[in-house]
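Report on the following structure.
The figures that follow rest on heavy atoms only: side chains count, while hydrogens, waters and symmetry mates do not.
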Amino acid sequence: MTPTVKAILANYESDNPGTKGNLARILMQGKLGGTGKLIILPVDQGFEHGPARSFSVNPDAYDPHYHYQIAIDAGLSAYAAPLGPLEAGADTFAGQIPTILKVNSANSWATEVDQAVTGTVDDALRLGCAAIGFTIYPGAEGVFEMMEEIREMSAQAKAVGIATVIWSYPRGGKLSKKGELALDVGAYAAHMAALLGAHIIKVKLSTDHIEQEDAKAAYANGDWSTQAKRVAHVVQASFAGRRIVVFSGGAAKGADAVYQDARDIRDGGGNGSIIGRNTFQRPRADALAMLEKLVRIYKCEE
């Protein structure tokens with residue numbers, strides 16, 4: 001274990017050796033192992049967007065084994081997915097890459113901003129997962145119930161030595177569409193995930209828009225003109241960098257934009273990327289080349 005990883009683990013002062021050991025599994029895995037940087041492959045888009053919208057552009061991606069294998073071959077830090085895909089490859093790929101069980105999910109037809117619980121801590125333990133992953137929607141009418149759900153599930157996970165990852169995606173309520181990506185809202189969302197006991201926080205990259213009228217004075221004298229500075233503020237909001245923060249890749253975009261996002265995350269002190277559609281919707285060779293370049297960016301080699 002490297003001094004960098006030891007320093008990160010020291011920030012989790014209440015956790016037992018099992019939980020810290022699973023965090024270490026993720027932090028020491030793959031081509032970024034030991035650096036404190038992470039690249040995680042999340043594949044829950046079948047729930048969120050449907051199979052054709054997610055996988056038809058690259059039909060190999062209909063097969064859960066494809067995602068396990070690309071995460072392993074690319075030297076990634078972990079693979080995150082709902083129950084079914086992890087069960088479909090749990091034996092074939094046992095021990096080859098840390099997995100994160102996404103324990104709640106939505107679908108594109110529902111009108112309520114909410115997610116159903118679709119997996120359990122017992123499932124994560126049975127499948128050998130390093131962590132559970134859970135989405136909250138700060139701003140939504142049902143967010144308090146979601147907070148109570150993750151409070152209970154996180155306590156169960158920590159008791160058996162499994163880490164917790166919280167996807168914190170503001171939407172609903174009084175938030176405008178533009179406000180979902182606002183800097184003040186993104187920092188608030190990351191802070192909520194930290195307050196809820198997340199070991200790893202997943203948020204979206206922020207714009208320089210300030211949404212909350214009551215927050216504008218607090219942001220008035222800051223320079224939020226670059227994405228790296230906005231990343232640094234979100235990291236600051238995550239207990240002054242005492243929690244691991246990774247940023248989502250978002251909708252499919254050009255390769256240059258993906259690389260620039262990674263540079264900004266690195267320069268802002270973020271811990272890395274959790275990137276799905278921008279990799280698995282590309283042909284395998286292109287995805288592997290992209291992930292290799294992202295590794296080099298996080299290693300400050302590009």
Side-chain angles (χ1 to χ4, degrees), residues 1 5 18-35 37-48 51 54-55 57-105 118-134 157 160-165 167 199-200 202 244 246 248-249 272-292 294-295 298:
M1 190 181 296
V5 171
T19 304
K20 286 193 174 187
N22 273 317
L23 281 173
R25 283 174 63 195
I26 296 171
L27 288 161
M28 293 300 297
Q29 175 74 21
K31 294 178 180 178
L32 288 172
T35 66
K37 301 300 183 186
L38 305 172
I39 301 177
I40 298 170
L41 175 67
V43 187
D44 57 347
Q45 291 80 5
F47 256 133
E48 304 295 327
S54 300
F55 307 130
V57 68
N58 179 18
D60 289 340
Y62 280 102
D63 185 349
H65 281 214
Y66 179 84
H67 302 290
Y68 270 104
Q69 194 66 60
I70 202 166
I72 293 164
D73 291 348
L76 302 190
S77 308
Y79 166 47
L83 180 63
L86 291 189
E87 287 185 331
D91 185 58
T92 299
F93 300 99
Q96 296 184 51
I97 189 165
T99 52
I100 299 168
L101 174 61
K102 186 66 166 56
V103 293
N104 69 338
S105 296
T118 56
T120 67
V121 172
D122 284 344
D123 290 324
L125 196 61
R126 170 175 60 88
L127 294 170
C129 298
I132 60 168
F134 190 96
V160 295
I162 294 174
T164 296
V165 186
W167 277 239
H199 298 98
I200 300 175
K202 178 190 177 187
I244 297 166
V246 294
S248 71
S273 301
I274 180 160
I275 181 168
R277 282 173 287 177
N278 279 294
T279 54
F280 69 71
Q281 288 187 341
R282 288 176 160 83
R284 175 182 161 84
D286 293 348
L288 289 172
M290 170 175 278
L291 291 165
E292 179 62 31
L294 289 172
V295 167
Y298 281 123

Please collect all side-chain hydrogen bond (donor to acceptor under 3.5 Å, both in side chains) contacts where either partner lies in residues 80-89, sequence neighbours excluded, each pair once.
->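 Residue pairs passing side-chain hydrogen bond (donor to acceptor under 3.5 Å, both in side chains), neighbours aside: E87-R126.
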
Do [X] and [Y] have side chains that approach each other closer than 4.5 Å (heavy atoms only, starting at C-beta)?
{"X": "I275", "Y": "I39", "value": "yes"}
{"X": "V160", "Y": "V121", "value": "yes"}
{"X": "F93", "Y": "T99", "value": "no"}
{"X": "L27", "Y": "L38", "value": "yes"}
{"X": "V103", "Y": "T120", "value": "no"}
{"X": "Y298", "Y": "S273", "value": "yes"}
{"X": "L86", "Y": "C129", "value": "yes"}

Indicate yes or no for a side-chain donor-acceptor contact from [X] to the backbone of [Y] under 3.5 Å, with no hydrogens or angles considered.
{"X": "Q281", "Y": "G276", "result": "no"}
{"X": "H65", "Y": "A88", "result": "yes"}
{"X": "R282", "Y": "N278", "result": "yes"}
{"X": "T164", "Y": "H199", "result": "no"}
{"X": "T35", "Y": "L32", "result": "yes"}
{"X": "N58", "Y": "P283", "result": "no"}

Excluding sequence neighbours, so at least two apart, what forms salt bridge (charged side-chain N to carboxylate O under 4.0 Å, His left out) with K31?
-> E292

Apply salt bridge (charged side-chain N to carboxylate O under 4.0 Å, His left out) to R284 and list each qualifying residue two or more places apart in sequence or on a separate chain.
-> D73

If you measure only the distance, is there a donor-acceptor pair under 3.5 Å linking the side chains of K20 and N22?
->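 Judged by distance alone, the side chains do not pair up.
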
Just to verify, what does [X] make a ring-ring contact (aromatic ring centres under 6.0 Å, His included) with, not counting sequence neighbours?
{"X": "F47", "result": "none"}
{"X": "H67", "result": "F55, F280"}
{"X": "Y79", "result": "Y68"}

First locate atom CG of L291, then atom CG of L41, and finally report the distance between them rounded to the nearest 0.5 Å.
-> 7.5 Å

